[in-house]
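Because only heavy atoms are used, hydrogens play no part in the values below, and waters and symmetry mates are left out as well, while side chains stay in. The chain is numbered in sequence order, starting from 1.
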Amino acid sequence: MGLEAKPISVPHPYWPRNLELQHYVPNDRPMWQILAFLFSVSGALLILTWLASRWRSGMPAPLGTGRSLAICWFAICGFIHGIIEGWFSLYHMEIPGDQSFLSQLWKEYAKGDSRYITADNFTVCMETITACAWGPLSLWTVLAFLSHQPYRFVLQLVVSLGQLYGDILYFYTEYRDGFSHSEMWHPIYFWFYFVFMNALWIIIPSILIIDAWKHLSASQRIMDASKFKKH
């Protein structure tokens, strides 16, 4: 009786180094092309959203520079959450052997966190929630601010809290794993991909949570004062 052949592990650049990937295909695009796409699209969205916020600045109330930048942030989040992270949510099982552009983007990013090349349960669940919830809500937040909707700061608070919570779990789970999914202290893969690019979703949402808290608290104070005067 013959023995079944065991799948051969393919050489790869991911950590830990004994990680076995049977169907991995190396990227045929260089890193600079992938990063150029990510930052050029994000930059274009920033410019377009900035112009839209300036065009709406007088209707009905002017938008300051900080508010316009916050709206740009949510537009970029809508793109990253909905398109890029949405791709991972849908195709996480095919990414190691797929050569589609967004799959190659994830294979490049996985050099800083190999959980994205192994379809780790936490990352799949987190990214699915992010794509389905925070992606559409980010775009709704942009529209709410541009059209001066009364619920705009509620959306800002909800989306920012969700982003902050997910990112804290992202860092904390990797900390508990001993940062074993990337090359520790590598200037690009660890510090830029893993630390810097994810730290943005700690710092900026924290600022926006405080901002929303102040605006919602001020509105409540005005409402409470109005009720007190009526009585």
W87, Y91, Y109 screened by ring pair (Phe, Tyr, Trp, His ring centres under 6.0 Å) with Y116, the one that passes: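 Between Y116 and the candidates, ring pair (Phe, Tyr, Trp, His ring centres under 6.0 Å) is satisfied uniquely by Y109.
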As an exercise, state the distance from [atom1] of [X] to [atom2] of [Y], rounded to the nearest 0.5 Å.
{"X": "E108", "Y": "M31", "atom1": "CD", "atom2": "CE", "result": "6.0 Å"}
{"X": "L155", "Y": "F153", "atom1": "CG", "atom2": "CZ", "result": "11.0 Å"}
{"X": "N27", "Y": "Q33", "atom1": "CG", "atom2": "CD", "result": "10.5 Å"}
{"X": "I117", "Y": "I95", "atom1": "CD1", "atom2": "CD1", "result": "7.0 Å"}
{"X": "L143", "Y": "R152", "atom1": "CG", "atom2": "CZ", "result": "13.5 Å"}
{"X": "T130", "Y": "M126", "atom1": "OG1", "atom2": "CE", "result": "5.5 Å"}

Taking every non-hydrogen atom, the tightest pair across [X] and [Y]:
{"X": "Y14", "Y": "K111", "value": "CE2-N, 3.6 Å"}
{"X": "A131", "Y": "P136", "value": "O-CD, 3.2 Å"}
{"X": "R29", "Y": "Q104", "value": "N-OE1, 3.1 Å"}
{"X": "G112", "Y": "S182", "value": "O-CB, 3.0 Å"}
{"X": "W134", "Y": "G162", "value": "CZ2-CA, 3.3 Å"}
{"X": "Y24", "Y": "P13", "value": "OH-CD, 3.5 Å"}

Examine [X] and [Y] and state if one hydrophobic cluster contains both, with Ile, Leu, Val, Met, Phe, Trp and Tyr joined whenever side-chain heavy atoms are less than 4.5 Å apart.
{"X": "F74", "Y": "I210", "answer": "no"}
{"X": "L208", "Y": "L164", "answer": "yes"}
{"X": "L146", "Y": "L139", "answer": "no"}
{"X": "I203", "Y": "W191", "answer": "no"}
{"X": "Y172", "Y": "Y165", "answer": "yes"}

So with a 6.0 Å cut-off around [atom1] of [X], is the heavy-atom count from everything else above 12?
{"X": "D28", "atom1": "CG", "result": "yes"}
{"X": "M93", "atom1": "CE", "result": "no"}
{"X": "R17", "atom1": "CZ", "result": "yes"}

Counting N and O atoms only, with roles assigned by atom type, does the side chain of [X] sit under 3.5 Å from a partner on the main chain of [Y], one being a donor and the other an acceptor?
{"X": "H92", "Y": "S89", "result": "yes"}
{"X": "T123", "Y": "D120", "result": "yes"}
{"X": "S160", "Y": "L157", "result": "no"}
{"X": "K107", "Y": "V25", "result": "yes"}
{"X": "T49", "Y": "L46", "result": "no"}
{"X": "S103", "Y": "Q99", "result": "no"}
{"X": "E85", "Y": "G135", "result": "no"}

When you check the side-chain N and O atoms of [X] and [Y], is any donor under 3.5 Å from an acceptor?
{"X": "D167", "Y": "Q163", "answer": "no"}
{"X": "T173", "Y": "R115", "answer": "yes"}
{"X": "S100", "Y": "D98", "answer": "yes"}
{"X": "H215", "Y": "Q156", "answer": "no"}
{"X": "D113", "Y": "Y170", "answer": "yes"}

Stepwise, does the side chain to side chain contact (heavy atoms under 4.5 Å, CB included) test hold for V158 with W140? CA-CA 12 Å; V158 170; W140 190 10; over 6 Å; no
Answer yes if the ring centres of F194 and Y189 are under 6.0 angstrom apart, and no otherwise.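 Ring-ring flag for F194/Y189: false, centres at least 6.0 Å apart.
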Parallel, tilted or perpendicular, judged at 30° and 60°: which one describes the rings of F39 and F192?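 F39 and F192: tilted rings.
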With side chain to side chain contact (heavy atoms under 4.5 Å, CB included) as the test, would you mind laying out the steps for I71 and T141 before giving the verdict? CA-CA 8 Å; I71 297 172; T141 304; over 6 Å; no
Any side-chain heavy atom of [X] within less than 4.5 Å of one from [Y]?
{"X": "S114", "Y": "L19", "value": "yes"}
{"X": "F88", "Y": "T128", "value": "no"}
{"X": "D211", "Y": "R67", "value": "yes"}
{"X": "Y175", "Y": "F171", "value": "no"}
{"X": "E174", "Y": "F179", "value": "yes"}

Walk me through it: do W106 and F101 pass the test ring pair (Phe, Tyr, Trp, His ring centres under 6.0 Å)? CA-CA 9 Å; W106 280 113; F101 189 87; over 10 Å; no
Could you go through W201 and W73, starting from their C-alpha distance and side-chain angles, then the distance that decides it, and tell me whether this counts as ring pair (Phe, Tyr, Trp, His ring centres under 6.0 Å)? CA-CA 10 Å; W201 274 269; W73 162 257; 5.0 Å; yes
Worked verdict on L38 versus M197 for side chain to side chain contact (heavy atoms under 4.5 Å, CB included): CA-CA 12 Å; L38 176 63; M197 293 184 71; 3.7 Å; yes
One pair to check against side chain to side chain contact (heavy atoms under 4.5 Å, CB included): F122 and L169. What are the steps and the verdict? CA-CA 9 Å; F122 168 75; L169 286 179; 3.8 Å; yes
